[in-house]
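Labels below follow one simple rule: chain letters A, B, ... track the order of the sequence lines, proteins then strands, and each chain is numbered from 1.
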There are 2 protein chains.
Amino acid sequence: MRRPTMTDVAREVGVTAKTVSRVLNDDGPVAIETRERVMAAVRKLGYQPNLMARNMRVGARDAAIGLVIPEMGNPFFGTVAGGIESAVRARGLTLIVGSSSETADLEQSLIATFLARRVSALIVVPSATGDHRYLRSERVAGLPIVFLDRPAVGLTADSVVSGNRSGAQAGIAHLIGYGHRRIGFIGDLPATLYTRRERLQGYRDALEEAGLPFDRALVETGHDQEAARAATLRLLALENPPTALFAANNFASMGAVVALARAGRRDVALVGFDDLPLAEVLDPPLTVVAQDPAAIGEVAAELVLSRLDGDRSRARRALVPTRLIVRGSGELSP
Amino acid sequence: MRRPTMTDVAREVGVTAKTVSRVLNDDGPVAIETRERVMAAVRKLGYQPNLMARNMRVGARDAAIGLVIPEMGNPFFGTVAGGIESAVRARGLTLIVGSSSETADLEQSLIATFLARRVSALIVVPSATGDHRYLRSERVAGLPIVFLDRPAVGLTADSVVSGNRSGAQAGIAHLIGYGHRRIGFIGDLPATLYTRRERLQGYRDALEEAGLPFDRALVETGHDQEAARAATLRLLALENPPTALFAANNFASMGAVVALARAGRRDVALVGFDDLPLAEVLDPPLTVVAQDPAAIGEVAAELVLSRLDGDRSRARRALVPTRLIVRGSGELSP
DNA sequence: TTGTAGGCGTTATCAA
DNA sequence: TTGATAACGCCTACAA
């Protein structure tokens, strides 16, 4: 019932394990006839090489990369993971994943497990509250680490992020172009989150460029769909309410859409950050600043692979551009 | 620059590797003072146990389970994967994933990689065209294999699927209850796909129960959103068109929603299989037969764990119930 | 309470 | 062209 090993195959053929190894890895000279007999025995016994043993012997590195994302069910991170997986598989690497639920503890324990497995590289979407100083020794030891969507805290390392600031700026400028002068901003929690800060900065950039004042009362927070809905209502109830809204992530977008729909407010313009599958079916269809999650994953994978190939240049921050998709909700005039 | 090993720690303390091992695994008696000195050395050297070596020695099995899904960006499968990961991690197992893009070749090569890594179990969403006879020897050898969303072909094995037939029947019965007698069905490709067959059977069950005739002209196919949109238009253009539609998966739902919205047809009732994030914002809000992807993942994980615990009973098929969510689109009368 | 010998399945090294 | 031996890092079995 035991699974056959290389030694079993060798015995079957009447050679040594090393010869079988040579055949299977195309390593060193083997007589053609020997090769054929080995292959025949491999088939006969149903032998499958043991990658664990191989990895351990060869590199002391597992031919796998570890990926930590906040939530696998989120299509944004799922798509990112898919982009990574296909890019990395082409190089014979396997993907090991874990979800952190956006908590620093889980993130750290997942990373510890991955390190214990001796993964070849680490790709991490850092949780909002984490600190990554503890990874310094790994960096020094040469382990490739790439941070996704948000940069690391307390650690100089590669990162791949969306063009948050320029994307938000483009979205706001779009609204300003349609005549809006008071634009509500609905962002994530906590307010210190990198993406929130960057997008808010893009918002301010656009205002400044257009010579419009920044009004703190127009900046609201909604960390999930329900909270974003409430935030939208608060904005609309202001004494001097906004004529347009900018939803800084997809939960915020959904909340704003629901709030506007239920209130029957078809006069309020809306631009969302991050695309939604049904955006074009909404009434009005939702104009968005779309991210490119697949590209983010691929860029991260390429960065990791180049590091594995020996690229020792200093840490990079790759910006993946966003794209404004005009559909209707962002083109309503005040 | 080398990573410290158990032997390094042992040398630092002046004991044997075995003693360090005992401390780290809480295995066997160790003097309190020795334990403390070992722990101190572990911290000082930054020692991390090598899981590869441990797995190899202990079980000849990797403490990981392999998961093959069609597409990581699909929130349904992403959520399933999340459910599996959290359930399995609680047992110290890691999740290795790969996406098959719904092709049998990729699926098989991923499974081969996982087997080579000696994963402890396999969870697979089988691609539509595959055949799983080749896994028989693994089954016989005692490897737990659970199929998700669709059963295996050519292999007796555990599976976890949604209540496709009863769910579809409930959705159709709901429409019939509102007076519809001609109901269009928009399903996936290929028509032989398990979920498609089951849901269509539920459709027929409901018709039969209500004494309504089955009209093949009302059964259409749309394998993605665009195709489903076209299929919807074909149904509406029939000489004797349906007054209600049943979209048998979420792409079909989206296609149908788009088609109806663009045609301005608010008179056609619609029930979708599988929920959508924005369903309640649509006009009219979308009534659906919701699946429970997180539960599917958890049930699969539990099944795997019970097999790992030695449950040798015959293969089971677990049915995860669906739930009808009434929102408006399914309650329009003809 | 601790140590020694041996082996998991593979590959590196050197010799034949 | 092939083999013998040792080693990767850890744990099991047994002995001290």
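- Between B:R118 and B:R35, the residue whose closest nucleotide on DNA chain C is further toward the 5' end is B:R35.
- With the nearest nucleotide of DNA chain C identified for both A:T7 and B:V30, B:V30 has the one nearer the 5' end.
- Look at CG on B:N50: it is 12 Å from P on D:dC8, rounded to the nearest Å.
- When the side-chain nitrogen and oxygen atoms of B:T16 are compared with OP1 and OP2 of C:dG3, one or more of them lie within a distance under 4.0 Å.
- Rounded to a whole Å, the CG atom of B:N55 is 10 Å from the P atom of D:dC11.
- Side-chain N/O atoms of B:T19 include none lying less than 4.0 angstrom from OP1 or OP2 on C:dT1.
- B:M56 comes within 4.0 angstrom of a base, heavy atoms only.
- The residues B:E302 and B:R316 are annotated as not salt-bridged, no charged nitrogen and carboxylate oxygen being separated by less than 4.0 angstrom.
- No donor-acceptor distance shorter than 3.5 angstrom exists from the side chain of B:R118 to the backbone of A:A53, with no hydrogens or angles considered.
- Put simply, the side chain of A:R57 and the base of C:dA12 share no donor and acceptor less than 3.5 Å apart.
- Nucleotide D:dA13 holds its C1' atom 11 Å from the CZ atom of B:R22, rounded to whole Å.
- Across every non-hydrogen atom of B:L67 and B:A81, the tightest pair is CD2-CB, 3.7 Å.
- B:M6 places its CE atom 17 Å from the C1' atom of D:dA7, with the value rounded to the nearest Å.
- One atom, CZ of B:R11, and another, C1' of D:dG9, lie 13 Å apart when rounded to the nearest Å.
- Look at CZ on A:R3: it is 16 Å from P on C:dC8, rounded to the nearest Å.
- Distance check, rounded to the nearest 0.5 Å: CD1 of A:I65 to CD1 of A:I145 gives 12.0 Å.
- Per the geometry, CG belonging to A:L51 stands 16 Å off C1' belonging to D:dC8, to the nearest Å.
- Between B:K18 atom NZ and C:dT1 atom P there is a gap of 15 Å when expressed in whole angstrom units.
- Comparing C:dG9, D:dT1, D:dC11 by their nearest atom to the side chain of A:P29 picks out D:dT1.
- Here the CG atom belonging to A:D8 is positioned 9.5 Å from the OH atom belonging to A:Y47, to the nearest 0.5 angstrom.
- Of the side-chain N and O atoms in B:T34, one or more sit less than 4.0 angstrom from OP1 or OP2 of C:dT2.
- In this structure, A:N25 reaches the sugar-phosphate backbone alone: every heavy-atom distance under 4.0 Å involves primed, P, OP1 or OP2 atoms, never a base.
- Side-chain atoms of A:R54 lie closest to C:dT10 of the nucleotides C:dT10, C:dT1, D:dT1.
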